[in-house]
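We use all heavy atoms of the structure for the numbers below, so side chains are in, but hydrogens, waters and symmetry mates are not. Computed from a predicted structure; not experimentally measured. When a ligand or atom number is given, it counts from 1 through the structure's own listing order.
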Amino acid sequence: MAYLATPTATSEIIRKHGFHFQKKFGQNFLIDANILEKIIRAAKITKDDCVIEIGPGIGTMTQYLAEHAREVVAVEIDKNLIPILEDTLSEYDNVTIINDDILKVDIAGLADKKNGGRPVKIVANLPYYITTPIIMGLFESNVPLSSITIMVQKEVADRMQVGPGTKDYGALSLAVQYYAKPEVIMNVPPACFMPKPGVGSSVIRLTRFTKPPVDVADEKKFFSIIRSAFNQRRKTLANALANSSAIIREDGKNKKITRDEVCAILDQMGLSQTIRGEALTLEEFAKFSNLF
Ligand code: SAM
């Protein structure tokens with residue numbers, strides 16, 4: 001039975017193993033069973049599922065995952081947590097613990113090995129210092145996955161689901177919305193963690209599209225343009241791209257984008273030459289990138 005999601009049980013395990021929290025690994029452990037049950041429900045986990053958990057900590061969420069899924073693979077960077085996980089997960093025979101940095105793990109290979117290449121589900125209370133590289137890595141390396149249900153910093157969850165015309169809209173919003181449908185499930189206050197984080201948190205579910213909602217001819221160019229547009233978000237799109245290192249391929253060669261080329265395409269699209277990147281929708285960025 002899952003038993004770790006209380007302040008007392010968490011403190012006891014930590015004391016028993018002489019564990020010290022490492023701030024550099026973003027270690028804030030969940031101590032609220034109600035929140036954990038809601039995460040499991042939001043991830044729609046069934047006994048058919050293979051789940052990859054990023055950062056199991058002392059195994060609080062892993063216990064719930066093991067009870068609901070067919071198989072769980074948990075990747076934890078902190079070697080001091082491995083003996084604790086072996087202790088807290090000893091009664092489950094469907095959990096594999098990997099001691100590694102998630103950013104270095106071949107997750108597509110893992111999905112292949114553990115789930116025959118069929119889509120896995122990702123569930124995690126993420127280490128907040130690497131939220132964006134984790135999410136982008138999962139999408140860009142084409143890991144077969146059906147959904148990602150994660151606890152992230154509240155501001156980051158907001159950024160993932162907004163559209164143009166808001167201050168939070170940026171490269172992360174566009175990337176997430178190109179690959180998946182984002183839905184914020186709930187906000188979670190600092191008191192639900194040990195130790196308490198200095199920021200509010202939210203659980204967000206990203207349901208992977210089988211096909212992106214817009215047609216993009218060259219994803220590399222599309223994302224390079226988006227990144228450059230938001231690197232200097234207060235500049236016009238024409239100036240931001242002309243000042244950036246965004247490149248396009250022409251006659252088989254790499255070429256920098258010029259201001260005139262941007263303006264010509266904006267004219268063609270019926271958009272103002274002084275428009276900022278932050279005003280363009282996902283569809284407009286796709287069209288803009290395809291026109292190069
Ligand atoms: N899942 C646990 C829970 O909910 O109580 C712990 C969540 S805690 C916010 C984040 C976890 O990710 C920590 O256990 C931390 O050591 C681990 N972690 C940090 N960086 C990591 C990385 N690069 N790769 C794998 N795990 C990492």
Side-chain angles (χ1 to χ4, degrees), residues 2-14 17 19-40 42-43 45 51-69 72-89 92 95-107 110 121-138 141 143 148-157 185-186 188-204:
Y3 63 88
L4 281 167
T6 67
T8 319
T10 298
S11 303
E12 264 172 27
I13 279 286
I14 283 170
H17 289 269
F19 176 75
H20 296 285
F21 287 96
Q22 298 218 57
K23 220 175 166 180
K24 69 170 179 182
F25 288 145
Q27 290 173 342
N28 301 96
F29 299 160
L30 267 166
I31 48 166
D32 188 314
N34 191 27
I35 301 287
L36 280 153
E37 276 156 21
K38 282 190 183 157
I39 293 174
I40 300 295
I45 297 181
V51 175
I52 298 184
E53 186 190 7
I54 300 164
I58 57 170
T60 313
M61 189 191 282
T62 327
Q63 292 186 335
Y64 284 84
L65 293 171
E67 285 171 14
H68 288 83
V72 182
V73 182
V75 181
E76 173 56 61
I77 197 170
D78 186 352
K79 67 173 180 353
N80 296 328
L81 285 168
I82 305 304
I84 305 187
L85 288 165
E86 279 161 4
D87 177 0
T88 60
L89 301 173
Y92 303 101
V95 181
T96 309
I97 302 161
I98 298 176
N99 182 204
D100 207 342
D101 178 348
I102 191 69
L103 297 177
K104 296 187 182 147
V105 172
D106 170 12
I107 308 175
L110 205 58
K121 287 183 176 162
I122 310 284
V123 185
N125 168 19
L126 282 187
Y128 294 172
Y129 73 107
I130 43 169
T131 302
T132 302
I134 290 176
I135 294 172
M136 293 316 297
L138 288 168
S141 57
V143 173
I148 304 177
T149 308
I150 41 176
M151 178 88 70
V152 296
Q153 193 176 328
K154 184 179 178 307
E155 279 69 24
V156 179
I185 306 292
M186 64 184 151
V188 182
C192 295
F193 302 85
M194 182 189 290
K196 289 189 190 125
V199 291
S201 303
S202 298
V203 175
I204 189 165

Per-atom contacts, ligand 1 versus [X] - under 4.0 Å to a heavy atom:
{"X": "V75", "answer": "25 (C), 26 (N)"}
{"X": "N28", "answer": "7 (C), 8 (S), 9 (C)"}
{"X": "Q27", "answer": "13 (C), 15 (C), 16 (O)"}
{"X": "D100", "answer": "24 (N), 25 (C)"}
{"X": "D101", "answer": "22 (C), 23 (N), 24 (N)"}
{"X": "L126", "answer": "9 (C)"}

Tell me if a side-chain donor or acceptor on [X] pairs with a main-chain N or O of [Y] at a distance below 3.5 Å.
{"X": "N125", "Y": "I150", "answer": "no"}
{"X": "N28", "Y": "P195", "answer": "yes"}
{"X": "E76", "Y": "L81", "answer": "no"}

Rounded distance [0.5 Å steps], [atom1] in [X] versus [atom2] in [Y]:
{"X": "I39", "Y": "L30", "atom1": "CD1", "atom2": "CG", "result": "5.5 Å"}
{"X": "I185", "Y": "S202", "atom1": "CD1", "atom2": "OG", "result": "10.5 Å"}
{"X": "E12", "Y": "T10", "atom1": "CD", "atom2": "OG1", "result": "9.5 Å"}

Ligand 1 versus [X]: contacting region, heavy-atom distance under 4.0 Å:
{"X": "I130", "result": "side chain"}
{"X": "P56", "result": "backbone"}
{"X": "Q22", "result": "neither"}
{"X": "Y129", "result": "side chain"}

Shortest protein contact, [atom] (heavy atom only):
{"atom": "atom 19 (C) of ligand 1", "result": "F25 O, 3.1 Å"}
{"atom": "atom 24 (N) of ligand 1", "result": "I102 N, 2.9 Å"}
{"atom": "atom 4 (O) of ligand 1", "result": "N125 ND2, 2.9 Å"}
{"atom": "atom 16 (O) of ligand 1", "result": "E76 OE2, 2.6 Å"}
{"atom": "atom 8 (S) of ligand 1", "result": "G26 O, 3.5 Å"}
{"atom": "atom 5 (O) of ligand 1", "result": "L30 N, 2.9 Å"}

Full working for side-chain contact (heavy atoms from CB on, under 4.5 Å) between D78 and F19: CA-CA 11 Å; D78 186 352; F19 176 75; 3.6 Å; yes

- prompt: Can you tell if the side chain of M186 reaches within under 4.5 Å of the side chain of V188, non-hydrogen atoms only?
  reply: yes

message: Between D87 and H17, is there a side-chain heavy-atom distance shorter than 4.5 Å?
response: yes

field: The one among P127, G57, G55 that brings a heavy atom closest to atom 1 (N) of ligand 1
entry: G55

- line: Of N80, I77, L81, the residue with the heavy atom nearest atom 22 (C) of ligand 1 is I77

For a quick test of your reading: what N or O donor-acceptor pairs under 3.5 Å do the side chains of residues 127-138 make, sequence neighbours left out?
| from | atom 1 | to | atom 2 | distance (Å) |
| --- | --- | --- | --- | --- |
| Y128 | OH | S201 | OG | 2.6 |
| T131 | OG1 | Y128 | O | 3.1 |

Show me, pair by pair, the donor-acceptor contacts under 3.5 angstrom made by side chains of residues 54-64, not counting sequence neighbours?
| from | atom 1 | to | atom 2 | distance (Å) |
| --- | --- | --- | --- | --- |
| T62 | OG1 | E53 | OE1 | 2.7 |
| Q63 | OE1 | Y3 | N | 2.9 |
| Q63 | OE1 | L4 | N | 3.4 |
| Q63 | NE2 | T88 | O | 3.0 |

Exercise: identify the closest heavy-atom pair between I204 and A157: CD1-O, 3.8 Å

message: Using heavy atoms and a 4.0 Å limit, tell me yes or no: is E53 in contact with ligand 1?
response: yes

task: Mark the output for I31 as yes if a heavy-atom distance to ligand 1 is under 4.0 Å, and as no if none is.
output: no

